[in-house]
Amino acid sequence: MTELLSDTGRKTMLEPLFKSGWEMVEGRDAIAKTYTFDDFTAAFAFMTRTALWAEKWDHHPEWTNVYKVVQVTLSTHDVGGLSALDAKLARKMDQLAE
Ligand SMILES: C[C@H](O)[C@H](O)[C@H]1CNC2=NC(N)=NC(=O)C2=N1
């Protein structure tokens, strides 16, 4: 069963993400990051790669794409806040954006 990240979980799982550009969302238990790519097709290819992992893990981002910019917010709707799945998907998205 997915559960809210504990204080310890937040420290161990979120701290590394904050170092790679993720931030807490003001007023919401969620993390967000903005990715900027060379062009639209690179941005969309990133979204496509991410979508395959989101489907595999049954955990999906909240995101917008304007031209070469992808803004991402991650939170776990089922528990109303951040879970380990969000940290896992964030790490994967950072890998896929390299
Ligand atoms: C039934 C439930 O909504 C699904 O199992 C999955 C789909 N993808 C999801 N994605 C996210 N971000 N949060 C969820 O709670 C979630 N739930």
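Positions are given from 1, in the same order as the sequence printed here. Indexing begins at 1, ligand by ligand and atom by atom, following the structure's order.
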Novice: Are Arg28 and Ser75 side-chain neighbours, meaning at least one heavy-atom pair lies under 4.5 Å?
Specialist: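 In short, these two side chains touch, coming nearer than 4.5 Å.
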Novice: Using the ring of each side chain (for Trp, its six-membered ring), is Phe37 parallel, tilted or perpendicular to Phe46, with breaks at 30° and 60°?
Specialist: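 Answer is tilted, since the angle falls between 30° and 60°.
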Novice: Any salt bridge between Lys19 and Asp94, counting N to O under 4.0 Å?
Specialist: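 Judged by the 4.0 Å cut-off on N to carboxylate O distance, Lys19 and Asp94 do not form a salt bridge.
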Novice: Considering only heavy atoms from C-beta outward, does the side chain of Trp57 approach that of Lys88 to under 4.5 Å?
Specialist: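 With C-beta onward as the side chain, the pair touches.
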Novice: Do you see a donor-acceptor pair shorter than 3.5 Å between the side chains of Asp78 and Thr76?
Specialist: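 Judged by distance alone, the side chains do not pair up.
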Novice: Report all N/O contacts between ligand 1 and the protein shorter than 3.5 Å as a table of atom names and distances to 0.1 Å; if there are none, say 'none'.
Specialist:
unit_1: ligand 1; atom_1: 5 (O); unit_2: Asp58; atom_2: OD2; d: 2.7
unit_1: ligand 1; atom_1: 8 (N); unit_2: Asp58; atom_2: O; d: 3.3
unit_1: ligand 1; atom_1: 8 (N); unit_2: His60; atom_2: ND1; d: 2.8
unit_1: ligand 1; atom_1: 10 (N); unit_2: His60; atom_2: N; d: 3.0
unit_1: ligand 1; atom_1: 12 (N); unit_2: His60; atom_2: O; d: 2.9
unit_1: ligand 1; atom_1: 12 (N); unit_2: Ser75; atom_2: O; d: 2.8
unit_1: ligand 1; atom_1: 13 (N); unit_2: His77; atom_2: N; d: 3.1
unit_1: ligand 1; atom_1: 13 (N); unit_2: His77; atom_2: ND1; d: 3.3
unit_1: ligand 1; atom_1: 15 (O); unit_2: His77; atom_2: N; d: 3.1
unit_1: ligand 1; atom_1: 15 (O); unit_2: Asp78; atom_2: N; d: 2.8
unit_1: ligand 1; atom_1: 15 (O); unit_2: Asp78; atom_2: OD1; d: 3.1
unit_1: ligand 1; atom_1: 15 (O); unit_2: Asp78; atom_2: OD2; d: 3.3
unit_1: ligand 1; atom_1: 17 (N); unit_2: Asp78; atom_2: OD2; d: 3.4

Novice: Working to the nearest 0.5 angstrom, can you tell me the gap between Leu52 CG and Met47 CE?
Specialist: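 Answer rounded to 0.5 Å: 12.5 Å.
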